[in-house]
Amino acid sequence: MHSPDAMPEKSYDAQQIELKWSDRWKNSALFQAEENSSKPKFYVLEMLPYPSGQLHIGHLRNYAIGDALARYKRMRGFNVLHPMGWDAFGLPAENAAIANKRDPYEWTRFNIENMKRQHRRMGFSYDWSREVTTCDPEYYRWNQWFFLKMLERGLAYRKRSLVNWCDECGTVLANEQVVDGCCWRHESTPVEQRAIEQWFLRITHYADELLNSMAELEAGWPERVLLMQRNWIGRSEGAEIDFHLDPAGTPIRVFTTRVDTIYGATCVILAPEHPLVAELTGAAAKAEVKRMIDARAAKGPGDIEKEGIFTGHYAVNPYSNGKIPIWIGNFVLMGYGTGAIMAVPAHDERDFEFCKQYGIPIRPVIRPVDGTLADAATLKESFPDDGILENSGPYSGLASEEARRVMSAKAEKENFGKPAVTFRIKDWGISRQRYWGTPIPVIYCEKCGIVPVPEKDLPVVLPLSIAITGKGRSPLENVPEFMNVKCPKCSGPARRESDTMDTFVDSSWYFYRYCDPHNSTAPFDSKKIAYWFPIDQYIGGIEHAILHLIYSRFWTKVMRDLGLISNGEPATRMFNQGMVIKDGAKMSKSRGNVVSLDEMVEKFGADTGRVFELFAAPPEKEMDWTDSGANGAYGFLSRVYRFVTRNIGNAQPAPGEADKKILRKLHQTLRKVTEDFESRWHFNTSIAALMELMNNLQSMEKQISAPVMAEVLEKMALMLEPFAPYLAEELWEEQGRQGPVFNHPWPAYDAELAREEEAEVVIQVNGKLRGRIYVAFGTPRETLEKLALGDAKVQTLLDGKQVVKVIVVPDKLVNIVVK
RNA sequence: GCGGAUGUGGCGGAAUUGGCAGACGCGCUAGAUUCAGGUUCUAGUUCUCGCAAGGGAGUGGAGGUUCAAGUCCUCUCAUCCGCACCA
């Protein structure tokens, strides 16, 4: 017979435990997804990281959430695909090459190795056999292949246009990469508009579908992301209408959503960059226009004073035949609609401001449905709502909505316009004048023009070890062995495209490659995609709401139309984790508040890091990293470890009341943790529940019988598995059980055992808590009322008062209302 | 300006369905134990009045609905995020 302290308590040595298990997991295929499994599949994915070299604890959160889910789902019997890879192309590698003379390839490889080591040290359950690295020619050849397919279908095209240029990056940016007029990477570098020839992908072809199929995502994607995408796509229905010049000349086409107000148009306004401006202005005005464009560029976005120049020319309103002046206005955008508008000051706020400023007449033509037409002379503000048309020729008396339909139909019929839909989203410019990216597989031949690289010649391999200065045009231009080729058509001398692709191309489809990462004849086998897709849970930062998340939706639709896949959306559920905050700010090098992962792991251990990141706040909210908080998580794991090790195989008292209590707490905890996984992912409350269980265990340690203790210790390890896998595994082994823990089913809770024995019923007098009684569940209302009224303390409070009403909520509360 | 989110102790947060506000953790206070060490254990910790029993107030603010409001409604303030001349 053992004494109660037979098993000595061991102290929790996180390093020793974690290194031991990490070593055992290293070369095994434990976390590999199964092919041809009969289990239901679950694809959980965290956004692939850029291999910057060092993970810090700000990166950890996303992986801790994903890994908890992956481990839980495995235990629930799913065939889980949980892969990891590297978004390995991009500017930092090139900048490192310039600054430290490190070869981008070597630099990237080195970083990947280090970050992979960090991932392994954290014990994340990735299937590393599916690792994808985007700078690997076997990966990016498929970027090129997709590009060729798009080129064939007219979804990729080359165009000279005004593009966003970041001087700091030395390259062009897509519209999505411009934030508040500045580069998304260099927040204080305003982008310049430059006219450059570049390659575009026709994302606008899918604008309507990208918008409409959001309906499928509403259940599983954050409303915030969908809203941002909806705004970004910016669909707007209206009409295009031609205003002819007077005297005759090239007509000015305007886009308007309010053709019903056209009888109130009192001028036409062109964007300063509008092509007709040159035709309509003299030398003096041209200089003014240039000044206008420069002033706006200098100011950046945001508030600019409205400014206008009268061209001296007039246009004719095709409906009223009235002659109205043509102006140039700095607030009219060349990049939206047709770059020209009709100004209806009476019914548009901006037009009102402009016309007031320049004394242009105001002509009300819409009255409120239940009001009268405004008087132009006394008008203080525009009336932008729909209403009833007046002073609008044959259309007077129509409601706005009907008028729009009738009037745009007339324009189409008589060939001076048409109903039109305009989008804010523009085609995706993918050319980058940089080195470290996927070469665009195109050849320029003097004779044949633009010639796509034949599929059989893919991949066009990016030459390694070249000189990068960061000056001038794309570094590839200085590599003759790359640039000079024979034309695939005529075999004459030709040059390769020297631009590379935006790295968002790489990340637009990488998650498909995980399903078939070593396929050398196709990007993937469609059958494998059919099994794994769509992604069941995608996890990543909100910063990609209109970047990666819109590009990858587009790419999915393109691949579907190429017949490669059958799903129309990449992921059914999306989750945006909250940021990690340190000392009141987001972690960043410039603020000097970065805590490196290695430092954290050395100090606390991987399990502690995970548990604290999940415990400190719900996963979608910001969380504050504090060392004292992390220390608390360490203390919890340490208490669990010591408790379990000292209670294994101990002789314990005979079964008694404590057994019942602790089993109840155990099953309540199981229920709580299970529910958190199944519904809202509030792992902070799951971990709090585990802590409560631990507190309860400690307080009744000496009263729990051996079989009950064994059950509690077993289930404790199972429940810890998603949050602190190293500790779970260690405790499992200490108990003499066969691992690994995640191959065991998630423990079911027993609702009967979890149920409290008695209901605690609160007694209130006038809504104030005055006492509590304990009764059997289901005690009838009348009994409860009687018990409450009979309560000694209640009696004294009722003295001299009149009971007006008694509210009884069975098993919960009795409220006595007195006067 | 428009749209959205959030506001709870000294701090992070809990309260999932209108029914005990403050679970859990940090920090702090007191005590015990042990000290070469991230101690461990016990008790306490919303504010306030009171020696205490006990009372009062309390979820950004002001109203309201209700027997009952952190939770629902109206207004308002603050912070954060997104959009911002998109015709």
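In what follows, chains carry the letters A, B, and so on, assigned in the order in which the sequence lines appear, proteins first and then strands, with residues in each chain numbered from 1.
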Query raised in the report: Under 4.0 Å between a side-chain N or O of A:K768 and OP1 or OP2 of B:A21?
Result: no
Query raised in the report: Think A:Q764 has a side-chain N or O under 4.0 angstrom from the OP1 or OP2 of B:G19?
Result: no
Query raised in the report: Which nucleotide, B:A84, B:G12, B:C85, lies nearest any side-chain atom of A:R424?
Result: B:A84
Query raised in the report: Which base, if any, makes a Watson-Crick or G-U wobble pair with B:G1, both distances under 3.5 Å?
Result: B:C83
Report task. Write down the distance separating the P atoms in B:U8 and B:U71, rounded off to the nearest Å. Result -> 13 Å
Requested in this report: Quick one: label A:E760 by what it contacts on the DNA or RNA (base, sugar-phosphate, nothing), any heavy atom closer than 4.0 Å.
Outcome: base
Query raised in the report: Would you say A:Q577's side chain and A:P619's backbone share a donor-acceptor pair under 3.5 angstrom?
Result: no
Query raised in the report: Is A:K603 salt-bridged to A:D598, going by a charged N under 4.0 Å from an acidic O?
Result: no
Query raised in the report: Distance between the P atoms of B:C73 and B:G7, in whole angstroms?
Result: 15 Å
Requested in this report: Let me know, please, whether A:E353 or A:R224 comes out on the 5' side of the other along RNA chain B by nearest nucleotide.
Outcome: A:R224
Query raised in the report: Under 6.0 Å between ring centres, would you say that holds for A:F352 and A:Y358?
Result: no
Query raised in the report: Would A:N576 and A:E620 count as a side-chain hydrogen bond (donor to acceptor under 3.5 Å, both in side chains) if you check the C-alpha gap in whole Å, the side-chain angles of each, and the deciding distance to 0.1 Å?
Result: CA-CA 6 Å; A:N576 302 118; A:E620 72 278 8; over 6 Å; no
**Report entry** Note: A:R646-A:E701 ion pair, threshold 4.0 Å (strictly below)
**Finding:** yes
**Report entry** Side-chain N or O of A:S679 closer than 4.0 Å to phosphate OP1/OP2 of B:U16
**Finding:** no
Query raised in the report: Any donor and acceptor pair, going by atom type alone, linking the side chain of A:R664 with main-chain N or O of A:R755 inside 3.5 Å?
Result: yes
Query raised in the report: Expressed in angstrom and rounded to an integer, what is the separation of A:Y634 atom OH from B:U39 atom P?
Result: 10 Å
Query - Along RNA chain B (nearest heavy atom to each residue), the more 5'-positioned of A:K812 and A:R770 - result: A:K812
Enumerate the protein-to-nucleotides 24-26 of chain B contacts in which both atoms are nitrogen or oxygen and the separation is below 3.5 Å.
residue: B:G25; atom: OP1; partner: A:N695; partner atom: ND2; Å: 3.3
residue: B:C26; atom: O2'; partner: A:S628; partner atom: OG; Å: 3.0

Requested in this report: Using the P atoms only, state how far B:U42 lies from B:G18, rounded to an integer number of Å.
Outcome: 38 Å
**Report entry** Interatomic distance at C1', B:A43 relative to B:G60, whole Å
**Finding:** 34 Å
Report summary line: From CG of A:N815 across to C1' of B:G18 the rounded distance in Å is 13 Å
Query raised in the report: Could you state the CD-P distance from A:E622 to B:G13, rounded to the nearest angstrom?
Result: 8 Å
Query - Span that lies between the C1' atom of B:G10 and that of B:G27, in whole angstrom - result: 7 Å
**Report entry** Watson-Crick or G-U wobble partner of B:G58, both distances under 3.5 Å
**Finding:** none
Query - Minimum-distance nucleotide to A:I807 side chain [options: B:C85, B:C41, B:C67] - result: B:C67
Query raised in the report: When you measure from the side chain of A:T257, which nucleotide among B:A14, B:A87, B:G12 comes out closest?
Result: B:A87
Query raised in the report: B:C24 pairs with which nucleotide, Watson-Crick or G-U wobble, both distances below 3.5 Å?
Result: B:G12
Query raised in the report: Contact class for A:V332 (heavy atom, under 4.0 Å): base, sugar-phosphate, or nothing?
Result: base
**Report entry** Candidates B:G38, B:U40, B:C83 - which lies nearest the side chain of A:R642
**Finding:** B:U40
Requested in this report: Tell me what A:F636 touches on the nucleic acid: a base, only sugar-phosphate, or nothing, going by heavy atoms under 4.0 Å.
Outcome: nothing
Query - Pairwise C1' distance for B:C24 and B:C77, with rounding to whole Å - result: 32 Å
Query raised in the report: Watson-Crick or G-U wobble partner for B:U39, using a 3.5 Å limit on both distances?
Result: none
Query raised in the report: What's the closest nucleotide to the A:K672 side chain, out of B:A68, B:U16, B:G13?
Result: B:U16
**Report entry** Among B:C83, B:A87, B:C20, the one nearest A:F255 by side-chain distance
**Finding:** B:A87
Query raised in the report: Counting distance only, does the side-chain N/O of A:T257 pair as donor-acceptor with the main-chain N or O of A:G238 below 3.5 Å?
Result: no
**Report entry** Integer angstrom distance from the C1' of B:A5 to that of B:C11
**Finding:** 22 Å
Query raised in the report: Just how far, in rounded Å, is P of B:A23 from CG of A:L690?
Result: 18 Å
Query raised in the report: Is there a Watson-Crick or G-U wobble partner for B:U17 with both distances under 3.5 Å, and if so, which one is it?
Result: none
Query raised in the report: Is there a Watson-Crick or G-U wobble partner for B:C72 with both distances under 3.5 Å, and which nucleotide is it?
Result: B:G64
Requested in this report: Quick one: label A:V817 by what it contacts on the DNA or RNA (base, sugar-phosphate, nothing), any heavy atom closer than 4.0 Å.
Outcome: sugar-phosphate
Report task. Could you state the atom-to-atom distance from CG of A:L614 to C1' of B:A14 in whole Å? Result -> 16 Å
Query raised in the report: Rounded to whole angstrom units, what separation is found between the CG atom of A:L813 and the P atom of B:C67?
Result: 14 Å
Query raised in the report: For atom P, what is the distance between B:G44 and B:G50, given to the nearest Å?
Result: 23 Å
Query raised in the report: Can you check whether A:F612 and A:Y634 have ring centres sitting under 6.0 Å from each other?
Result: no
Query - Residue A:R680, side-chain heavy atoms: nucleotide from B:C85, B:U16, B:C83 that is nearest - result: B:U16
Query raised in the report: Ring centroid separation for A:F636 and A:F723, is it under 6.0 angstrom?
Result: no
**Report entry** Validation row, ring centre A:F354 to ring centre A:W327 under 6.0 Å
**Finding:** yes
Query - Rounded distance (Å) that lies between atom P of B:G3 and atom CG of A:L226 - result: 19 Å
Query raised in the report: Is the side chain of A:E307 donor-acceptor paired with the backbone N or O of A:G329 at a distance under 3.5 Å, no angle test?
Result: no
Requested in this report: Mind calculating the distance between CD1 (A:I581) and P (B:U79) to the nearest angstrom?
Outcome: 17 Å
Requested in this report: If B:A78 has a Watson-Crick or G-U wobble mate with both distances under 3.5 Å, name it; if not, just say none.
Outcome: B:U6
Query - Nearest to side-chain heavy atoms of A:L769, which nucleotide of B:C20, B:C83, B:A87 - result: B:C20
